[in-house]
There are 2 protein chains.
Amino acid sequence: MTTPQGTAARNTRQRSAVATLLSQVEGFHSAQELHAMLRDRGERVGLTTVYRTLQALADAGDIDVMRPPGGEQLFRRCSDGHHHHLVCRTCGRTVEVAGPAVESWADRVAEQHGFVDVSHTLEIFGTCRECAAGR
Amino acid sequence: MTTPQGTAARNTRQRSAVATLLSQVEGFHSAQELHAMLRDRGERVGLTTVYRTLQALADAGDIDVMRPPGGEQLFRRCSDGHHHHLVCRTCGRTVEVAGPAVESWADRVAEQHGFVDVSHTLEIFGTCRECAAGR
DNA sequence: GCGTTTTTGACAATCGTTCTCATTTTCAGA
DNA sequence: TCTGAAAATGAGAACGATTGTCAAAAACGC
Ligand SMILES: [Zn+2]
Ligand SMILES: [Zn+2]
Ligand SMILES: [Zn+2]
Ligand SMILES: [Zn+2]
């Protein structure tokens, strides 16, 4: 969740801008979307830097990364702790869900097959009530 | 699992070649890898066609598609029925796993939030026994 | 066979992401 | 505050997987 290495990370205007934006915006957004939002706010941050910063935040576990089946990766600041997402295919509405049973199941299955250092990805997709109604 | 539409699908040498290859090869492979394998076998199939055929097979549910965190999508003919994969991060060794409890949990969670037409993706990653030993 | 319809495939185009590298910024000392 | 080594930035090029284009080739009901 925090910086693991020994090398010093420096505070820059750009990193603050990205972090601040992520803390104020709702839901998942692509790197390019976030870049555009920063531009609209008058913050001048290069696209490359947005990518690099998001990468670093993701590596540090400070943000969530989701890779929907047919698109680019999406980023989101989200609540602490391990959890998964229920995403509407149509409108993108997202609900965070926790599933302790799933976590232990995944670990147990991996362990039974001799795997160590286990992690997993899990996303649930569907059509939300609103989108199902308006059709 | 089978062709749903009413339009006729034609039998071509290329589609047979891809299907045959998938039925004989082990594990997950990218479209480009499969294309290269076909070339090595002397089968002349365009890369575009390989992509299209894999796409169709995936849409029909006849093959499995996996999108590992940092790479291209991988394809694999696999056993019938819904299941997930336990993949070694180092050597790519793959184990198919079934988790009825997870399935019903996902459906239940989605339902509780008013979502319909639910699907999900779940992959477990880890280091297999062999790879953990040789290190 | 014939003709219509689908499929193919070489190539261009797209698009998200990463690389390059010269310039700018940070920040721990002095 | 000043300095300089190290880190960070960003414009643009490069990359790599995938998709689009469209004329030529194959499939198949008749
Ligand atoms: Zn989990
Ligand atoms: Zn499978
Ligand atoms: Zn392994
Ligand atoms: Zn499942």
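Since we're looking at a predicted model, the values are computed, not measured. Here is the naming used below: chain letters follow the sequence lines, and residue numbers restart at 1 for every chain.
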Problem - Protein-nucleotide distance (Asp59(A), atom CG; dT18(C), atom P), rounded to Å - result: 10 Å
Fill in the blank from the handout: Taken to the nearest whole Å, CZ/Arg44(A) to P/dT24(C) is 16 Å
Fill in the blank from the handout: Rounded to whole Å, CZ of Arg10(A) lies from C1' of dT26(C) at a distance of 5 Å
Practice task
Check the distance between dT18(D)'s P and Glu72(A)'s CD and give it to me in whole angstrom.
Solution key: 15 Å
Handout entry: Nucleotide dT18(D), atom P - distance to CG of Leu34(B) in whole Å
Key = 11 Å
Practice task
Could you state the atom-to-atom distance from CD of Gln32(A) to P of dT14(C) in whole Å?
Solution key: 15 Å
Practice task
Say whether, by atom type as modelled, one donor and one acceptor occur between the side chain of His84(B) and the main chain of Ile124(B) under 3.5 angstrom.
Solution key: no
Practice task
Would you write the dot-bracket representation of DNA chain D, where each base gets (, ), [, ], | or . depending on whether it forms a Watson-Crick or G-U pair under 3.5 Å and with which partner?
Solution key: ||||||||||||||||||||||||||||||
Handout entry: N/O (side chain, Gln14(A)) to phosphate O (OP1/OP2, dG10(D)) under 4.0 Å
Key = yes
Exercise for the section: Select from Asn11(B) and Ser30(B) the residue whose nearest nucleotide in DNA chain D is closer to the 5' end of that strand. Expected result: Ser30(B)
Handout entry: Intermediate values then yes/no, side-chain contact (heavy atoms from CB on, under 4.5 Å), Phe115(B) and Thr127(A)
Key = CA-CA 5 Å; Phe115(B) 282 60; Thr127(A) 306; 5.9 Å; no
Problem - Phosphate OP1/OP2 of dA8(D): any Arg13(A) side-chain N/O under 4.0 Å - result: no
Exercise for the section: On DNA chain D, check which nucleotide each of Thr12(B) and Arg67(B) is closest to and give me the residue with the more 5' one. Expected result: Arg67(B)
Handout entry: For DNA chain C, the residues among residues 45-56 of chain B that have a non-hydrogen atom under 4.0 Å from it
Key = Val45(B), Gly46(B), Thr48(B), Thr49(B), Arg52(B)
Exercise for the section: Starting at atom CD of Gln73(A), determine the distance to atom C1' of dA17(D), rounded to an integer number of angstrom. Expected result: 14 Å
